[in-house]
Amino acid sequence: MRIVSLLFVFMLTLFASPEAAKELGYHSDYNKALSIAKKENKPLMLVVVTSYCPWCRKFERKTLASKTVAPMVKSMYIPVIVDRNKDAETFPKKFQTPR
């Protein structure tokens with residue numbers, strides 16, 4: 001039973017990042033977010049995650065969704081979450097990490 005539970009939790013984390021971007025009100029398209037940031041004259045806050053990373057999910061849930069952090073981020077930045085593996089072609093190479 002424990003193995004089944006762990007597999008279920010693992011499967012949930014595979015698809016969490018795009019949902020987190022929606023739930024947090026963050027952009028998931030780097031280029032669109034960059035154009036909005038230029039238009040609004042705000043810095044872009046780029047969060048690079050992977051779909052299999054449990055620490056990324058924890059960061060999204062505990063920090064980015066925090067009642068104190070979330071409003072501050074949205075007022076000061078144009079936030080965008082990209083998946084390092086799935087969105088590798090859509091954000092600049094200088095922000096990509098080795099695999």
Side-chain angles (χ1 to χ4, degrees):
M1 183 66 176
R2 187 174 186 195
I3 292 174
V4 173
S5 298
L6 287 173
L7 285 173
F8 180 71
V9 169
F10 177 73
M11 293 302 291
L12 286 176
T13 62
L14 288 177
F15 305 104
S17 189
E19 294 302 317
K22 280 184 188 177
E23 290 174 12
L24 293 169
Y26 286 22
H27 297 276
S28 57
D29 181 340
Y30 175 84
N31 293 318
K32 183 178 178 182
L34 184 60
S35 67
I36 293 169
K38 287 178 181 178
K39 189 185 309 180
E40 294 185 17
N41 198 27
K42 287 184 178 180
L44 187 74
M45 185 182 94
L46 177 64
V47 179
V48 181
V49 298
T50 61
S51 58
Y52 55 82
C53 174
W55 297 109
C56 296
R57 300 297 80 71
K58 186 173 183 175
F59 178 65
E60 292 165 347
R61 267 191 338 268
K62 299 280 186 175
T63 305
L64 297 179
S66 162
K67 290 181 181 180
T68 56
V69 173
M72 188 172 20
V73 166
K74 288 182 185 176
S75 70
M76 296 173 62
Y77 304 98
I78 301 298
V80 60
I81 294 179
V82 294
D83 187 302
R84 184 188 91 175
N85 297 327
K86 294 178 185 173
D87 303 322
E89 300 301 318
T90 64
F91 66 99
K93 299 269 186 245
K94 65 182 176 182
F95 298 127
Q96 295 181 12
T97 57
R99 295 184 179 184

Note to self: Using a 3.5 Å distance criterion without hydrogens, assess whether the side chain of D83 forms a donor-acceptor pair with backbone atoms of S51.
What the structure shows: yes

Next item on the list: Would you give the length of the straight line joining atom OG1 of T68 to atom CE of M72, rounded to the nearest 0.5 angstrom?
Entry: 6.0 Å

Margin query: Using the side chain to side chain donor-acceptor pair (under 3.5 Å) criterion, which residues pair with S75? Sequence neighbours excluded.
Written below: none

Check: Would you say the side-chain atoms of K74 pair up with the backbone N or O of L24, donor to acceptor, closer than 3.5 Å?
Finding: yes

Note to self: Could you measure the distance from the NZ atom of K58 to the CG atom of L64? Nearest 0.5 Å is fine.
What the structure shows: 13.5 Å

Check: Name the one of L46, V49, V48 that satisfies side-chain contact (heavy atoms from CB on, under 4.5 Å) with I81?
Finding: V49

Note to self: Please find the pair of heavy atoms, one from P71 and one from S66, that lie closest to each other, and give the distance.
What the structure shows: CD-O, 4.0 Å

Check: Can you tell me how far the CG atom of N31 sits from the CD1 atom of I36, to the nearest 0.5 Å?
Finding: 11.0 Å

Notebook entry, point to check: Are Y52 and W55 connected, step by step, through hydrophobic side chains (Ile, Leu, Val, Met, Phe, Trp, Tyr) whose heavy atoms are closer than 4.5 Å?
Noted result: no

Check: Can you name the closest pair of heavy atoms from V80 and A33 and give their distance?
Finding: CB-CB, 3.9 Å

Next item on the list: To the nearest 0.5 Å, tell me how far K42 NZ sits from L44 CG.
Entry: 11.5 Å

Item checked: I78 side, atom CD1; M45 side, atom CE - distance, nearest 0.5 Å -> 10.5 Å

